[in-house]
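All ligand and atom numbering here is 1-based and tracks the order in the structure.
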Amino acid sequence: MMHVKFLDGQVKQLLIDGRHVPARSGRCFDSINPANGKLLAQVAQGAAEDIDLAVQAARRAFEGAWSTFNPYDRQMALLRLADLVDAHADELGALDTLDMGGPVAYAASRRQRAVAMLRYYAGQATTVHGQTIDNSQPGDIFTYTVKEPLGVVGAIIPWNGPLFMAIWKIAPALAAGCTVVLKPAEQAPLSSLRLGELCLEAGIPPGVVNVVPGFGAAGAALAEHPDVDKITFTGSTEVGQKIIRASAGNIKRVTVELGGKSPNIVFADADLDAAVPGAAMAIFANSGQVCSAGSRLFVERPIYDEFVEKVAAFANRLRVGDPMDPATQMGPVVSHEQLERVVGYLGVGREQGARLAAGGARISEGALAAGYFVRPTVFADVRDDMRIAREEIFGPVVAALPFDDIEDVVRRGNATTFGLGSGIWTRSIGNAHRVAKGLKAGSVWVNCYQQMDPAMPFGGYKMSGYGREGGAAHVEEFMNTKAVWIKTA
Ligand code: NAD
C-alpha cells in the first residue's frame, strides 16, 4: 500500500480553533478501507459539545481575525490554499481513495476539479459587490446595497466525493467572508481533516475553518445550533428534511443538495459508439455513488435490446478492483452497510421480475472478497413501478426501460420525486431541445453526462433540494443584502 504520511497510526483529532483536540467525550471511531475492510485510522468522534466549541471558535474568528481580511486578502488566502491542494494532491487523493474507494485512475481529474474550484471562488471574493440603485422617491435620497457575509456556516457533507465536497462548501463561504464548521461524513473524514490543516498553512486564521468529524448526532447539533447562521448540506433527502426542520429554531439559512434518480435517455438516432460508454459510466462511475448518476436508462424501443446488450457487455468488461491500482475503473462501495443496501436492491429487482443482463451480485471470491465490491449490474425489462426504478440505490446498478416517443419519455422521466441530473443522447437538435425543456431537473447533459464546471450552477428540482452550488450566484447564498437609504438634501 502507498505510504501516506497523514496515516501515521495516531488518532486523528478534531480541528477546532486551529488546534488538534480530542473529542470531549474521549471517544473515537474507526475509518475503514472499503477495498479490504481494514482499519485506516481512528478518528476522534465529535458530538454536540465539540460542535458547540467549534461554533464558538468560528464566531470569534468571524468577528475577529477573519473580519480584518479584505476581499483581496481572502482571494489571496484561497489562491494559496489552491496551490497547497495542488501540491498535496497525491496525498489528498490517496486519502479519499483509501477512505471511500474512488479509483486513483481518476485522481488527475479530481485534482484539476478541486484546484480549479478554489481558484474560481478566490476570484469571486473580489468580484461580489452591492449596487447603487436609482429610486423614485421624492427628495434626494441616495440608495445602494451592501453585501455582507452571513456569519458562521455549518457544512455537512456525504462521503462520495469527500475532498471535492469539502471544497465546494468551504471555498464560497470563505470568499463571502464567512467562517465554517465542517462536519465530514463518518465514512470518509480524513481528507477534510488534512484540508483543514492546509487552510492553516495557507494563512487562513485559526477558527475560520473548523473540522469536526462525527456521526449524524454531530450533524444534528450543528443544524440545531442557535449561533449558526447557515447550513449548507449535501446528502440524503431524509436527512435534508431533518435539517430544514432544525433550521426553524433560529431561522437559519439552508441550502440542500439531496438525492436523485436521474433519467438518462437514449434515442434511436444517437451515436451509439458514444452513448454506450456514456450511459454505462453515467451509472458505474464512482461505483454508482453519485447523486446525479444516470440510474434510469430509458432507451427508444427499436434499439432497446441491442443497446442494453451493449451496455451489459461494457459492464462485464469494466475493470473492477483495488482502487489504488491505476488500471482499476471501478472500486468498491463505501462501507459494509452500503454493500448490504445495494445487494438488497439486487434481490428486490429480481423478485419484482426484472431481468439481469449483467452483474447482480457482490464479488465474494478471490482477492476482492474482503472488500465491499459489487459487480456492475444492468437490469433489463424494468417497469416504472418497480422499486429499482423509483428508489435511489446509490450503487452500480442501472434500470433499463424502453420508451416509445418524446411525450412518453418526458412524462416518465419526470415521474419521480427527485429532479437532479438528466441525460439525452440524440443526433436531433429538435429532440435535444424538446426534452431539455420538458425535464424537471437541475442539470441536463446532451450527448455527454456528469459534466461539471465551477462556473455552472448545480442543484435540484423537487425533493433533490434547493439552492445552487457553482456559478456566480453561489457566493451570494453566503451573504446578506443590506439596503441603505441616505437622504442627501
Ligand atoms: P446522509 O444524508 O446519510 O449523510 C450525509 C451527512 O449528513 C453525513 O455527514 C451524516 O453524518 C450527516 N447526518 C446524518 N444524520 C444527520 C442529522 N440528523 N442531522 C444532520 N446531519 C446528519 O447521506 P449519505 O448516505 O452520506 O450520502 C448519500 C446521499 O447523499 C445520497 O442520497 C446522495 O444522492 C446524496 N448526495 C447528493 C449530492 C447532491 O449534490 N445533490 C451529492 C452527493 C450525494
Original post:
Should Phe394 and Trp159 be marked as a ring-ring contact (aromatic ring centres under 6.0 Å, His included) after you check the CA-CA gap, both sets of side-chain angles, and the distance that decides it?
Top reply: CA-CA 12 Å; Phe394 224 57; Trp159 39 262; 5.3 Å; yes

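Checked against a 3.5 angstrom limit, the closest N/O atoms of Gly214 and ligand 1 fall outside it. Checking only distances, Leu258 does come within under 3.5 Å of ligand 1, N or O to N or O. Taking distance alone, with nitrogen or oxygen atoms compared against 3.5 Å, Asn160 stays at or beyond that limit from ligand 1. Where the criterion is an N or O separation shorter than 3.5 Å, residue side chain and backbone included, Ser464 fails it with respect to ligand 1.
Of the possible polar contacts, one joining the Lys261 side chain to the Glu391 backbone as a donor-acceptor pair under 3.5 Å is found. For Asp50 (side chain) and Val212 (main-chain N/O), no donor-acceptor pair under 3.5 Å exists by modelled atom type. Side chain of Asn160 to backbone of Gln289: a donor-acceptor contact under 3.5 angstrom is found. Here the side chain of Asn210 pairs a donor or acceptor atom with the backbone of Gly207 at under 3.5 angstrom. With hydrogens and angles disregarded, a donor-acceptor distance shorter than 3.5 Å links the side chain of Asn250 to the backbone of Val228.
Between His474 and Tyr121, the ring planes are perpendicular. Angles over 60° get that label, and only those under 30° would be called parallel.
Taking 4.0 Å as the cut-off, Pro184 counts as a neighbour of ligand 1 on heavy-atom distance. Heavy-atom separations between Glu238 and ligand 1 are all 4.0 Å or longer.
Atom numbering of ligand 1 starts at 1 in the shown order; those under 4.0 Å from a heavy atom of Met165 are 42 (C), 43 (C). The ligand atoms of ligand 1 that sit less than 4.0 angstrom from a heavy atom of Trp159 are 24 (P), 25 (O), 26 (O), 27 (O). Of all the atoms in ligand 1, the ones that sit under 4.0 Å from a non-hydrogen atom of Glu392 are 31 (C), 32 (O), 33 (C), 34 (O). When each atom of ligand 1 is checked for a heavy atom of Lys242 under 4.0 Å away, the hits are 18 (N). Taking every non-hydrogen atom of Gly219 and a distance limit under 4.0 Å, the qualifying atoms of ligand 1 come out as 19 (N), 20 (C), 21 (N). Which parts of ligand 1 touch Phe458 is read off a 4.0 Å heavy-atom cut-off, strictly below it: atoms 40 (O). In summary, the atoms of ligand 1 found under 4.0 Å from a heavy atom of Pro158, numbered by their order in the structure, are 26 (O), 27 (O), 43 (C), 44 (C). Less than 4.0 angstrom separates some heavy atom of Lys183 from each of these atoms of ligand 1: 8 (C), 9 (O), 10 (C), 11 (O).
Under 4.0 Å from ligand 1, the heavy atoms of Glu186 that appear belong solely to its side chain. Contacts of Ile157 with ligand 1, taken as heavy-atom pairs under 4.0 Å, involve the backbone alone. Under 4.0 angstrom from ligand 1, there are no non-hydrogen atoms of Ala223.
With respect to the salt-bridge test (charged N to carboxylate O, under 4.0 angstrom), the residues Glu477 and Arg253 do not qualify. Glu91 and Lys5 are not joined by a salt bridge, as no carboxylate oxygen comes within less than 4.0 angstrom of a charged side-chain nitrogen.
For Asp96 and Ser191, the side-chain atoms include at least one donor-acceptor pair closer than 3.5 Å. A donor and an acceptor atom, one from each side chain of Lys462 and Thr417, are nowhere located under 3.5 Å apart.
Distance check for atom 2 (O) of ligand 1: a protein heavy atom is found below 4.0 Å.
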